[in-house]
**Q** 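Okay, handing you the structure first.
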Amino acid sequence: MTEADPSLPDDREAVREALVSWYEDDHRSFPWRETDDAYEILVSEVMSQQTQLGRVVAAWEAFLDRWPTPAALADADRADVVGFWTDHSLGYNNRAKYLHEAARQVVDEYDGAFPETPDELQTLQGVGPYTANAVASFAFNDGDAVVDTNVKRVLYRAFDVPDDDAAFETAASDLMPDGESRVWNNAIMELGGVACEKTPSCDAAGCPWREWCHAYETGDFTAPDVPTQPSFEGSRRQMRGRVVSVLKEYDELPLSKLGPRVRVDYAPDGQYGEEWLSGLLADLEDDGLVAVDEPVDGSGATVARLRR
Ligand code: SF4
């Protein structure tokens, strides 16, 4: 762990807490997130390598109904396992063969008790470093920080981590709270899956890292796997959209109430403050979308509303 990673904010604890509580408040529920059974988790990992998570659920449940333990799977006919894979459109049949072989190894080489460390897990057929770490994290809460495409995109955007594998590894493990790989890896992968997608939905998904996020501040949402700016983003255009959608909801608002709803880091005298907001509103007024009512006698508040 390198506490000195320059990319990450100083108040790392707040960054961690914000993400974990966002995740715990409301996350997509997948049955394998409710279990700490290593076999069940391995099956979900292997299935989701090539198949959308939503479609994996039914296949995962059916697979475990049929072969509920490594011993049951080890006893199965290979042809049945491969047939199941094909029937459920789970991608390369080799994955089914490897999974079957891995179950046999657990029975024969580990007396039926799943290995727990990433190194041992990698001795199982078809289990590479990523899958081994995922199983160690989710089953035994004893893994390293996961660094997949989603996580890289999040780290690159939020903390301006350079596009370099070593830098991503360092930042990801620095950020992960000790001994909490299960919840942490789930949370950061969820962030990449539902908020910081290729086209991010920072506000709609209530991203908990907006106040620290470099991309959110600059409006540059490119990422290693998103080489050009997602089409609807681009800060000014995006902010104009936010003003309009906030005003749709509230009809009219004084600037002091509108500002924080447009940007979480709004501060009246700051870079994104009243002057910035007034500029944005002036543009929208020119376009005939918004009306701004100044206080008549110099007292009271300036109020913005949508032009109907
Ligand atoms: S604020 Fe937006 S860009 Fe930044 S981490 Fe959150 S979802 Fe990604």
Side-chain angles (χ1 to χ4, degrees), residues 5-28 53 145-165 167-177 180 183-246 249 258-267 270-273 276-277 280:
D5 191 318
S7 306
L8 302 178
D10 291 337
D11 45 356
R12 216 152 298 186
E13 271 315 310
V15 171
R16 290 174 178 143
E17 253 179 61
L19 179 60
V20 171
S21 34
W22 172 84
Y23 173 70
E24 285 180 340
D25 273 359
D26 181 24
H27 58 78
R28 291 174 298 176
L53 290 187
V146 164
V147 183
D148 65 1
T149 323
N150 280 348
V151 172
K152 285 183 187 175
R153 189 168 60 248
V154 172
L155 294 175
Y156 182 91
R157 283 178 175 156
F159 307 121
D160 205 17
V161 174
D163 181 10
D164 168 86
D165 282 350
F168 285 128
E169 290 282 346
T170 307
S173 46
D174 192 357
L175 210 48
M176 186 176 88
E180 292 187 47
V183 68
W184 182 260
N185 284 329
N186 268 321
I188 195 163
M189 287 161 72
E190 182 77 353
L191 188 66
V194 306
C196 206
E197 294 169 281
K198 287 192 173 183
T199 296
S201 37
C202 317
D203 293 309
C207 174
W209 281 356
R210 282 171 291 178
E211 65 184 277
W212 296 283
C213 179
H214 181 258
Y216 190 77
E217 189 186 343
T218 60
D220 176 0
F221 292 95
T222 52
D225 61 334
V226 188
T228 50
Q229 186 76 342
S231 56
F232 76 89
E233 296 287 358
S235 59
R236 202 157 178 89
R237 187 166 164 202
Q238 185 194 15
M239 297 299 158
R240 284 165 49 103
R242 276 191 208 153
V243 169
V244 171
S245 62
V246 171
E249 195 179 336
L258 173 62
R261 288 177 169 83
V262 175
R263 288 191 69 110
V264 276
D265 55 354
Y266 178 86
Q271 184 188 359
Y272 297 105
W276 169 83
L277 184 59
L280 212 55

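Please read all numbers here as calculations on a predicted model, not as lab measurements. Whatever order the structure lists them in is the order used to number ligands and atoms, beginning at 1.
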**Q** At a threshold of 2.8 Å, where the distance has to be below it, does atom 8 (Fe) of ligand 1 have an N, O or S atom of Cys196 nearby?
**A**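 Of the N, O and S atoms in Cys196, at least one lies under 2.8 Å from atom 8 (Fe) of ligand 1, which means yes.
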**Q** Taking the six-membered ring for Trp, are the ring centroids of Trp276 and Tyr266 within less than 6.0 Å of each other?
**A**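 For Trp276 and Tyr266, the ring centres are not under 6.0 Å apart.
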**Q** Of the protein's non-hydrogen atoms, which lies at the shortest distance from atom 6 (Fe) of ligand 1, and what is that distance?
**A**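 The closest one turns out to be Cys207 SG, 2.3 Å.
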**Q** Any Lys/Arg nitrogen of Asp174 or Arg12 sitting under 4.0 Å from an Asp/Glu carboxylate oxygen of the other?
**A**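 So Asp174 pairs with Arg12 through a salt bridge.
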**Q** Would Lys198 and Asp225 count as a side chain to side chain contact (heavy atoms under 4.5 Å, CB included) here? Give the steps.
**A** CA-CA 8 Å; Lys198 287 192 173 183; Asp225 61 334; 3.5 Å; yes
**Q** Looking only at protein heavy atoms, identify the closest one to atom 3 (S) of ligand 1 and say how far it is in Å.
**A** Phe221 CE2, 3.5 Å
**Q** What are the atoms of ligand 1, with element, lying closer than 4.0 Å to any heavy atom of Arg210?
**A**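 Within the 4.0 Å cut-off of Arg210, ligand 1 contributes 1 (S).
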**Q** Could you go through His214 and Phe159, starting from their C-alpha distance and side-chain angles, then the distance that decides it, and tell me whether this counts as side chain to side chain contact (heavy atoms under 4.5 Å, CB included)?
**A** CA-CA 6 Å; His214 181 258; Phe159 307 121; over 6 Å; no
**Q** For the pair Arg242 and Asp203, find out whether any cationic side-chain nitrogen is under 4.0 Å from an anionic carboxylate oxygen.
**A**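 Here Arg242 pairs with Asp203 in a salt bridge, since their nearest N and O are under 4.0 Å apart.
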**Q** Ile188 vs Leu19, test: side chain to side chain contact (heavy atoms under 4.5 Å, CB included). Steps then yes/no.
**A** CA-CA 7 Å; Ile188 195 163; Leu19 179 60; 4.0 Å; yes
**Q** With heavy atoms of Ala195 as the reference, note each atom of ligand 1 found under 4.0 Å away.
**A** 7 (S)
**Q** Can you tell me the protein heavy atom closest to atom 4 (Fe) of ligand 1 and the distance?
**A** Cys213 SG, 2.3 Å
**Q** So, Cys202 and atom 2 (Fe) of ligand 1: N/O/S under 2.8 Å, yes or no?
**A**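 A backbone or side-chain N, O or S atom of Cys202 is under 2.8 Å from atom 2 (Fe) of ligand 1.
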